[in-house]
2 protein chains.
Amino acid sequence: MTRLRTRTNTCTKLDIRTVAERADVSIATVSRTINSIPTVSPLLAERVWKAIRELDYYPNSQARSLVSGRSRIFGLIVPEITNPFFPELVQGFEDIAVENGYEMLVSSTNNDPGRMSVCIRRMLERRVEGVAVMTFGVEEPLLQQLSERKIPLVLTEFLLDTPHVSTLLLDYKMGFRLGVEHLVKLGHRHIAFISGPLALHSARTRREAFLASLKEFQLPIRESWMVEGDHTLEAGVRGFQALADQGEIPTAILCSNDMTAIGVLKAAYHAHVRVPDDLSVIGLDDIRFSEYTLPPLTTIRLSGVEIAQAAFHALQAQAESEKGKDGVRKYPISTSLVVRESTAPARTINIFPFPR
Amino acid sequence: MTRLRTRTNTCTKLDIRTVAERADVSIATVSRTINSIPTVSPLLAERVWKAIRELDYYPNSQARSLVSGRSRIFGLIVPEITNPFFPELVQGFEDIAVENGYEMLVSSTNNDPGRMSVCIRRMLERRVEGVAVMTFGVEEPLLQQLSERKIPLVLTEFLLDTPHVSTLLLDYKMGFRLGVEHLVKLGHRHIAFISGPLALHSARTRREAFLASLKEFQLPIRESWMVEGDHTLEAGVRGFQALADQGEIPTAILCSNDMTAIGVLKAAYHAHVRVPDDLSVIGLDDIRFSEYTLPPLTTIRLSGVEIAQAAFHALQAQAESEKGKDGVRKYPISTSLVVRESTAPARTINIFPFPR
DNA sequence: CTGAGTAGAGAAAAGCTTTTCTCGAGGCCG
DNA sequence: CGGCCTCGAGAAAAGCTTTTCTCTACTCAG
C-alpha cells in the first residue's frame, strides 16, 4: 500500500518510480500511460494521472531519448539574428516544432562560416534528429558531416547530391518576374539590382533570376547597375551611393532583401531623391518592418513562417518515414508581390547629380 | 588488439566503447580523457584523441547529463521575437552560453501569458539548470513551479521573494533621468509618455521612473499625456494620435521602448509634424534599427547583450555555487543616453490641429 | 630490503526511462 | 470441460555515459 504524503514533498527525488509507488503500479505501467500506449486499463491510467498531477511530475527527456534512441530535437541553423527575417523564421519553426512535440535547437553562425563547425558540433552532441540549414550558403563540406551520419537535412534550393537531404525550392524566378513585371507596367525600363554577397550560392541564384526577368521583358542589362551588397541595411546605403556616383541612376532599384531596400530608402532620403516619385524601390522578404518604412516598402514576399513550416515538415517526414523510403522530397516555396508605396510610375531616366 | 578499419565505417554505432576499443583502452579512460581529468597518462590520452578524431566521435550529451545530473542547459524565456530587442538578447545569450559550454533553450511566449506554462513544461522536461525569464511580466505563480524545484532563476527587476532567484536591476531611474534632463536642457517642459501595458510590472516601473524624473525637474505632470501602449510599433502610432486628438500636444514624447518611438516617428511624419523641429522623440532600448530611422532615434540605451550576459552569469553563479551559499545576487544593469537626431530645442508648445 | 603510499587504469554500478520478455488470468471455441 | 489465445501488467534488460571502487605496479623512505 502506498502511504499518503503531503503534496509538496521537496525532499525526495521525483522520478518515474516515485510516481509508480504513489499510484501503486509498476514503472512500466506509468511509462505506458504517459506514452498513451493503449494496453493500460482505464482504472490504472486514472490512478497514474492522478499521481502525476499530485506530484507535478515531468518525465526526464534525456533518459527518454537515451533509451528510445529518438531525441525529438530538430536543429535550426541561421546565419544571423539581427536581420528580422530570421527571427520570424525561428519563431515559426519553434511554434510548429513544439506543437508537434519536438524541441528546437537554434544556432546562429553570425554570418561567420567559421562558426558553422561549432553549430554542427552542438547538433551532433545533442543528437538532433534533423537539421534545417537556413544560411543560404556554401558550407557543403561541413554538411557532409551530417549527411554521412544519415541525419535528415533540409537546405534551401542548394542541391547537395546525397541522400537524406530535402530541399526547399524558393521560387525566386517567379518573385523577380512579378517584381520586374510590376515595374515594367509602371513604365520602368532601367532597373538596377543590389545583390547579396555573390560568394553565397543563393545570392547568385537571386541575381540570375533577376537577370532572367530582365531578358524576358527585353530590358537593357547594364553591368554597372548590378551592385554587390551583403544583405545588410548598410549595403543598401552603399549600393545607392555606388549607383548615384555613376552620374546616372536607373528609375528603379530592386534589392535582394528588405534590409538592403530599407538602406536604399534611407540613402535616397538623405540624397533628396524622393521615393517613389523619383525612384521606385522593391525589396525581398516582406519582413514586418517593411510595412512601416517611409514610404512603406513594395516587396517580393518570401514568408519566413512558410519556410519554417516547410522545413519542419521536411524533417519530420524524413525522421518519421518508414524504413523503406527515406522521405526525401522537394518543397516548393512560392513568392508573391506585395505592392505598397515605394513604387510609382517611372519618370524619364534620372540624371545625376542629385544634391548629395 | 584493435583491428584497423576504414575511416568511414558507417555500419557500426559510434559510442564511447567504440572509441575505447580503437584506442585499446578502457571506457573509463576515454571518459576521463574527454573530461580532461588529469589522471590519464599523456601516452594514452594521445591514443584516445587520435581515435576520437579518426572516428569523428561526439559524446552523447543525453547520456552525459543523465548520469552526471547536470544538463548544462539554461532556459531563456522571452515574450516575443518580433521586437528586435529580443533577438539581440537571445543572440547575446547564445554566444556566452556556448562559449562557456552551456546549451541554450529558447522559448517565446508570443506575448501570450497563457503560453508561459508550455514554456515552463519544456524547461522542466529538459531538466534545465536555470531559467532566465525576460518577459518583464506577471507570471509569479507559474514561476513558483521553478523555484519550488530549486531551479536557479533570473528575473528582471521583479523581486520574487524566494530563494534561488537572482535579479537584474535595470536602472530605469537613471535612464529616464538622463532622457528628461536632455530634454530639459533643450528647453522642453511639456513631455508626454507612452508606456507599455500597465498590467506588466516592468511597464509600471518604467512609468514611475519617468514620473519621478518629471518631479525631479519640477515639470508639469498631466494625466492625459500619459498614454498606455503595448510596446509595439502600432502603439506608437496610436499613442501619437491619442495625444494629437487632445488638440494640444507636448513638445516631446518619451516612449518606453524603441518600437513605440519608431511608431511615433511614422505617425508624426504622416501628420506632417516634423521631428525633431516640431517634436522631440526619445525611445528606450537602442535596438539596431534606431540608428537607421528617419531621423535617427535618440534613445535610452539598455543593452540586450549586457542583460543576456548578466543573466547568464547569474545563472552560472547559482548553478555552480558551492553547497553552502546559493549564489543568488542582484546584478545592476546600467542605462545611458544615446543622442541622435530625433531631439532638438523646444519651440513653444505645439498647438493642434496639425494637418492629419 | 621491505612496507607503505600513490599514480594510473580497468571493472562495475548508477542514472531514468522505454521496450522486450514473461507470466497469470480470463474468454472463447471445440 | 479443456486447451488456446489474448489482454493486462510486472520484471528486467538496454541505452551511453560518469563516477566510484578496486587493483596493480611502482616509488620512496626507513
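Here is the naming used below: chain letters follow the sequence lines, and residue numbers restart at 1 for every chain.
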Item checked: B:N35 vs B:R64 side-chain heavy atoms within contact, under 4.5 Å -> yes
query: Is any side-chain heavy atom of A:T82 less than 4.5 Å from a side-chain heavy atom of B:Q91?
result: no
Out of [options], which nucleotide sits closest to the side chain of [X]?
| X | options | result |
| --- | --- | --- |
| A:D15 | C:dA9, C:dT17, D:dG8 | C:dT17 |
| B:A28 | D:dG8, C:dA9, C:dG10 | C:dG10 |
| B:R32 | C:dT18, D:dT18, D:dT20 | D:dT20 |
| B:K13 | D:dC16, C:dT19, C:dG15 | D:dC16 |
| A:S31 | D:dT18, C:dC16, C:dT18 | C:dT18 |
| A:S26 | C:dA14, C:dT18, D:dA11 | D:dA11 |
| B:L66 | C:dC16, D:dT17, D:dA9 | C:dC16 |

Are B:S108 and A:E94 linked by a side-chain donor-acceptor pair shorter than 3.5 Å?
no
If you measure only the distance, is there a donor-acceptor pair under 3.5 Å linking the side chains of A:S71 and B:Q62? no
Item to complete: Answer yes or no: does atom CZ of B:R149 have more than 12 heavy-atom neighbours from other residues, nucleotides or ligands under 6.0 Å?
Response: yes
| message | Would you say CZ of B:R17 has more than 12 non-hydrogen atoms from neighbouring residues, nucleotides or ligands within 6.0 angstrom? | response | no
Of B:P42 and B:R127, the one whose closest nucleotide on DNA chain C sits nearer the 5' end is B:P42
[N] phosphate, OP1 or OP2, under 4.0 Å from [X] side-chain N/O:
| X | N | value |
| --- | --- | --- |
| A:N60 | C:dG15 | no |
| B:T29 | C:dA9 | no |
| B:Y57 | D:dT17 | yes |

Whole-Å gap separating [atom2] ([N]) and [atom1] ([X]):
| X | N | atom1 | atom2 | result |
| --- | --- | --- | --- | --- |
| B:D24 | C:dG10 | CG | C1' | 12 Å |
| A:R72 | D:dG15 | CZ | P | 21 Å |
| B:I16 | C:dA12 | CD1 | C1' | 14 Å |
| B:N35 | D:dT20 | CG | C1' | 15 Å |
| A:R64 | D:dG15 | CZ | C1' | 15 Å |
| A:I37 | C:dT19 | CD1 | P | 6 Å |
| B:R47 | C:dG8 | CZ | P | 15 Å |
| A:Q62 | D:dT18 | CD | P | 13 Å |

Margin query: Under 4.0 Å, heavy atoms only, any strand: does B:S41 hit a base, just the sugar-phosphate, or nothing?
Written below: sugar-phosphate
Worksheet item: Looking for any heavy atom pair under 4.0 Å, which part of the strands does A:I27 touch: base, sugar-phosphate only, or nothing?
Response: base
